[in-house]
**Student:** 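Mind having a look at this structure? Questions to follow.
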Amino acid sequence: MSEKGKLIVISGPSGAGKSTVVAEAIKGRQDVCFSTSVTTRSPRPGEVDGREYFFIDRERFDEMVEKDELLEHAVYVSNCYGTPRAFVEEKLAEGLNVLLDIEVQGARQVREKVPDSVKIFVVPPTLEELRRRLVNRGTESAEAIENRLARARQEYGEATFYDYIIVNDDLAVAAQELTAIITAEHCRAADRMEYLENI
Ligand code: ADP
Ligand code: 5GP
């Protein structure tokens, strides 16, 4: 029997290791795909348009909002981010699990629109370690790092509606936990009632 794809929302402070954990967890998996967001922020060195993000200007972003082309959208540290709706709907209909790496305000919108989405919050072991990772990543100025740390503290207070929390201390353990969550979510009785009914 075919099973529907799950919409899986991953949030957590910038630098917690969301992209790293997701990349490790979905390595070689054919049943999971990643939604590429649009953003008005400038690409970091090494980022490629259409891979990490679709980099667009504010005018195009506002147009997408206007035309309801985004499943959710939010402002994060002065830049706009959003999830293109069409891709997500298409992949879920094909039976694929779709991963969104989005911040808390966006996750809240997804919770309203897709109540059976799975919400996961990824945290570093400590905020000191978060600072170390942001500094080591070397992609942000000192000021941007302080802004992101301030936002992280705020997000912790708002993140009360998530289904799971992954502590990204040891990468292999964190990736295994993400894999386990996806597996367990597919075993939910509500999604497998057909096995009891079609006897
Ligand atoms: P996010 O996607 O949450 O912004 P990244 O995946 O870019 O975070 O990770 C931030 C930095 O932390 C990167 O330099 C990454 O290599 C590093 N990192 C990720 N996970 C771990 C971990 N478990 N231990 C140590 N460093 C990590
Ligand atoms: P960064 O600029 O570090 O790539 O991302 C900053 C924050 O924006 C992260 O918390 C990331 O999860 C979030 N983000 C990325 N794409 C989207 C999106 O499409 N929607 C929302 N709401 N947040 C996003």
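Just so you know, ligand 1 is whichever comes first in the structure, and atom 1 is the first atom listed for that ligand. Residues: numbered from 1 along the sequence shown. Note that these values count all heavy atoms, side chains included, but never hydrogens, waters or copies made by symmetry.
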**Student:** Please list, chain by chain and in numerical order, all residues satisfying salt bridge (Lys or Arg N to Asp or Glu O under 4.0 Å) with Arg133, sequence neighbours excluded.
**Tutor:**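 With neighbours one apart ignored, the set is Glu129.
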
**Student:** Do Val123 and Leu130 belong together in a cluster built from hydrophobic side chains that touch within less than 4.5 Å?
**Tutor:**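 In one cluster: yes.
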
**Student:** Does the plane of the ring in Phe121 sit parallel, tilted or perpendicular to the ring in Tyr162? Use 30° and 60° as the thresholds.
**Tutor:**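 Plane angle between 30° and 60°, so tilted.
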
**Student:** Any protein N or O within less than 3.5 Å of an N or O in ligand 1? List each pair with its distance, or say none.
**Tutor:**
| residue | atom | partner | partner atom | Å |
| --- | --- | --- | --- | --- |
| ligand 1 | 2 (O) | Ser19 | N | 3.0 |
| ligand 1 | 2 (O) | Ser19 | OG | 2.5 |
| ligand 1 | 3 (O) | Gly15 | N | 3.4 |
| ligand 1 | 3 (O) | Ala16 | N | 3.3 |
| ligand 1 | 3 (O) | Gly17 | N | 2.9 |
| ligand 1 | 3 (O) | Lys18 | N | 2.8 |
| ligand 1 | 3 (O) | Lys18 | NZ | 2.8 |
| ligand 1 | 4 (O) | Gly15 | N | 2.8 |
| ligand 1 | 4 (O) | Arg137 | NH1 | 2.9 |
| ligand 1 | 6 (O) | Ser19 | N | 3.4 |
| ligand 1 | 6 (O) | Thr20 | N | 3.0 |
| ligand 1 | 6 (O) | Thr20 | OG1 | 2.5 |
| ligand 1 | 7 (O) | Arg137 | NH1 | 2.9 |
| ligand 1 | 8 (O) | Gly17 | N | 3.1 |
| ligand 1 | 20 (N) | Asn168 | ND2 | 3.0 |
| ligand 1 | 23 (N) | Asn168 | OD1 | 2.8 |
| ligand 1 | 23 (N) | Asp169 | O | 2.9 |
| ligand 1 | 24 (N) | Arg133 | NH2 | 3.3 |

**Student:** Would you mind listing every salt bridge (charged side-chain N to carboxylate O under 4.0 Å, His left out) that reaches into residues 102-115, with sequence neighbours excluded?
**Tutor:**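 Output for this query lists Glu103-Arg151.
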
**Student:** Indicate if Tyr53 and Tyr76 have the same hydrophobic cluster label, given that clusters are the connected sets of ILVMFWY residues with side-chain heavy-atom separations under 4.5 angstrom.
**Tutor:**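 Both belong to a single hydrophobic cluster.
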
**Student:** Is the number of heavy atoms from other residues, nucleotides or ligands under 6.0 Å of Arg188 CZ greater than 12?
**Tutor:**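 Result for CZ/Arg188: open.
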
**Student:** Applying the 4.5 Å side-chain criterion to the ILVMFWY set and letting contacts propagate, would Val77 and Ile102 be lumped into a single cluster?
**Tutor:**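 Different hydrophobic clusters.
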
**Student:** For Glu66, look at atom CD and say whether over 12 heavy atoms of other residues, nucleotides or ligands are found less than 6.0 Å away.
**Tutor:**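 Check fails, neighbour count at 12 or below.
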
**Student:** Applying a heavy-atom distance cut-off of 4.0 Å, which protein residues contact ligand 2?
**Tutor:**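 Lining ligand 2: Gly12, Ser14, Lys18, Ser37, Arg41, Arg44, Tyr53, Glu72, Ala74, Tyr76, Tyr81, Gly82, Thr83, Asp101, Ile102, Glu103, Gly106, Arg148.
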
**Student:** Which value, rounded to the nearest 0.5 Å, describes the distance between Glu52 atom CD and Thr36 atom OG1?
**Tutor:**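 With rounding to 0.5 Å, CD (Glu52) is 9.0 Å from OG1 (Thr36).
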
